[in-house]
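Written below as structure tokens is the structure these notes are about.
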Number of protein chains: 4
Amino acid sequence: MAEVVGIAGEQLRQFVARIERLEEEKAALTADIREVYAEAKGNGFDTKVLRQVIKLRKIDKAERQEMDAILELYLEALGMMAGGGGEE
Amino acid sequence: MAEVVGIAGEQLRQFVARIERLEEEKAALTADIREVYAEAKGNGFDTKVLRQVIKLRKIDKAERQEMDAILELYLEALGMMAGGGGEE
Amino acid sequence: MAEVVGIAGEQLRQFVARIERLEEEKAALTADIREVYAEAKGNGFDTKVLRQVIKLRKIDKAERQEMDAILELYLEALGMMAGGGGEE
Amino acid sequence: MAEVVGIAGEQLRQFVARIERLEEEKAALTADIREVYAEAKGNGFDTKVLRQVIKLRKIDKAERQEMDAILELYLEALGMMAGGGGEE
DNA sequence: ACTTTTTATAC
DNA sequence: GTATAAAAAGT
């Protein structure tokens with residue numbers, strides 16, 4: 001019965017291993033980020049404010065990208081894009 | 001055995017009914033929104049652009065609120081708020 | 001250049017306003033639903049279970065409607081439908 | 001008024017930079033994980049099942065760690081632990 | 001523990 | 001590609 005899951009089983013094992021490895025690294029980064037906040041706090045910064053700053057900068061960035069996307073859409077709609085997409 | 005679920009069962013029934021009622025209303029609004037997009041499309045607007053506009057305005061609004069929150073936090077941090085907290 | 005967006009601009013403004021209005025109402029309903037779950041929780045119900053109940057009933061309902069649709073198709077195929085409404 | 005934020009400002013800038021760097025790496029890992037799932041799907045695996053497998057293994061692992069922790073506590077209580085750490 | 005935000009799935 | 005539901009993160 002072991003043969004039934006042979007090759008697929010091995011492949012599955014590898015996918016699971018890769019995902020778990022990446023998730024470990026991700027968890028480590030989450031921990032690192034938490035540490036930086038702790039260090040900032042130790043230097044007198046209000047972590048709540050710091051988190052807000054990070055969040056706001058993220059929103060700003062997203063907004064800039066949105067605006068670029070809208071501009072592109074308008075140009076597209078106006079037929080002014082040279083080799084852009086246009087396919088639906 | 002019916003008595004076992006008597007009172008709790010009736011309460012559950014009512015919670016379920018209330019939630020389902022609200023979800024129906026919500027679904028109706030989703031349909032309404034879809035119709036407005038369809039109408040806009042019928043008037044020559046690109047719904048993709050329109051959705052971007054709505055999304056951008058939402059981000060703008062959120063950003064404004066974020067900025068207000070940060071300002072408050074800074075003022076608080078500077079001890080300029082009358083009854084503010086500061087405890088962590 | 002203001003004229004370029006004149007009429008279309010006004011129309012766009014109105015579509016945006018209508019969509020935003022509807023989305024606000026929808027958000028309010030989402031909040032209401034959340035409150036009902038909170039109230040249920042306060043009465044000792046497990047919200048996770050409650051959500052499952054709602055979901056199951058939704059699936060059941062969809063299945064029932066599918067069965068009704070199939071029944072209708074059969075009746076139609078048999079030429080037994082008058083032509084009356086029933087549609088929503 | 002620029003001096004007010006001088007040194008603290010520079011420090012803040014650095015904390016922000018470090019956090020944003022780490023968050024970028026984290027986002028990259030999220031994307032990598034997504035890709036692995038996509039690759040697994042391309043090899044015929046059901047991603048939903050795969051995600052469940054990962055989740056179950058995570059729970060199992062947590063349980064094993066809990067059991068290890070309990071074992072440690074017992075050993076400790078029995079005075080059989082040298083003095084090794086374990087505390088964080 | 002609770003809420004909010006993000007992420008994934010289903011349509 | 002959008003909407004809803006589940007998961008993760010922050011407070």
Side-chain angles (χ1 to χ4, degrees), chain A residues 19 22-23 26-27 29-38 40-41 46-56 58-59 62 69 73 85 87-88, chain B residues 19-20 22-24 26-38 41 46-52 54-55 58-59 62 65-66 69 73 76 85-88, chain C residues 19 22-23 26-27 29-31 33-35 37-42 46-59 62 65-66, chain D residues 19 22-23 26-27 29-38 40-41 46-52 54-56 58-59 62:
Chain A
I19 291 165
L22 291 167
E23 290 203 339
K26 205 178 144 196
L29 282 171
T30 298
D32 289 348
I33 290 168
R34 194 179 297 277
E35 272 180 53
V36 176
Y37 277 112
K41 189 174 189 173
D46 181 333
T47 58
K48 215 165 166 181
V49 172
L50 188 47
R51 281 182 195 276
Q52 288 281 12
V53 170
I54 297 289
K55 201 197 270 183
L56 182 57
K58 203 183 285 179
I59 291 173
L73 285 168
E87 73 280 13
E88 184 162 335
Chain B
I19 291 165
E20 286 182 346
L22 291 167
E23 290 204 338
E24 264 175 48
K26 205 177 143 195
L29 282 171
T30 298
D32 288 349
I33 290 168
R34 193 181 298 278
E35 270 180 54
V36 176
Y37 276 111
K41 189 174 191 172
D46 181 334
T47 57
K48 214 166 166 181
V49 171
L50 187 47
R51 281 183 195 277
Q52 288 282 11
I54 297 287
K55 201 196 272 183
K58 204 182 284 179
I59 291 174
Q65 290 177 343
E66 290 280 350
L73 284 167
E76 223 176 280
E87 77 284 13
E88 175 153 340
Chain C
I19 292 166
L22 292 168
E23 291 204 339
K26 206 178 142 196
L29 283 171
T30 298
I33 291 169
R34 191 188 306 277
E35 272 180 52
Y37 276 112
E39 192 185 332
K41 188 175 191 171
D46 181 333
T47 58
K48 212 167 166 180
V49 171
L50 187 48
R51 281 181 195 277
Q52 287 288 0
V53 170
I54 296 288
K55 197 198 276 183
L56 277 175
R57 283 172 58 92
K58 201 183 285 180
I59 291 172
Q65 287 179 343
E66 195 180 355
Chain D
I19 291 165
L22 292 167
E23 291 204 337
K26 205 176 144 199
L29 282 172
T30 299
D32 288 348
I33 291 168
R34 191 188 303 279
E35 272 179 52
V36 177
Y37 276 111
K41 188 175 192 172
D46 181 333
T47 58
K48 209 169 168 180
V49 172
L50 188 48
R51 281 181 194 278
Q52 287 288 359
I54 297 288
K55 199 197 275 182
L56 277 176
K58 203 182 286 180
I59 291 170

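All chains are named by letter (A, B, ...) in the order of the sequence lines, taking the proteins before the strands, and each is independently numbered beginning at 1.
Contacts of E23(C) classified as side chain to side chain contact (heavy atoms under 4.5 Å, CB included), with partners at least two apart in sequence or in another chain: I33(B), I54(B), K58(B), I19(C). Evaluation of the side chain to side chain contact (heavy atoms under 4.5 Å, CB included) rule for I59(A) yields I59(B), E63(B), E66(B) as partners, not counting sequence neighbours. For R57(C), the side-chain hydrogen bond (donor to acceptor under 3.5 Å, both in side chains) partners two or more places apart in sequence, or in a different chain, are E20(B). When the side chain to side chain contact (heavy atoms under 4.5 Å, CB included) test is applied to R51(C), the partners found at least two apart in sequence or on another chain are Y37(C). Checked against salt bridge (charged side-chain N to carboxylate O under 4.0 Å, His left out), E39(C) has the following partners two or more places apart in sequence or in another chain: R18(B).
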Pull out every protein N or O sitting under 3.5 Å from an N or O of nucleotides 1-5 of chain F, one pair per line with the distance.
from, atom 1, to, atom 2, distance (Å)
dA5(F), OP1, K58(C), NZ, 2.8
dA5(F), O3', K55(C), NZ, 3.4

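Per the geometry, CG belonging to L50(A) stands 10 Å off P belonging to dT11(F), to the nearest Å. Here dT7(E) presents its C1' atom at 15 Å from CG of L29(D), a figure rounded to the nearest Å. Computed from coordinates, the I59(A) CD1 to dT4(E) C1' distance equals 13 Å when rounded to whole Å.
Of all the heavy atoms in L29(B) and K26(C), the pair that sits closest is CD1-N, 3.5 Å.
Between Q52(A) and Q52(D), the residue anchored nearer the 5' end of DNA chain F, judged by the nucleotide with its closest heavy atom, is Q52(D).
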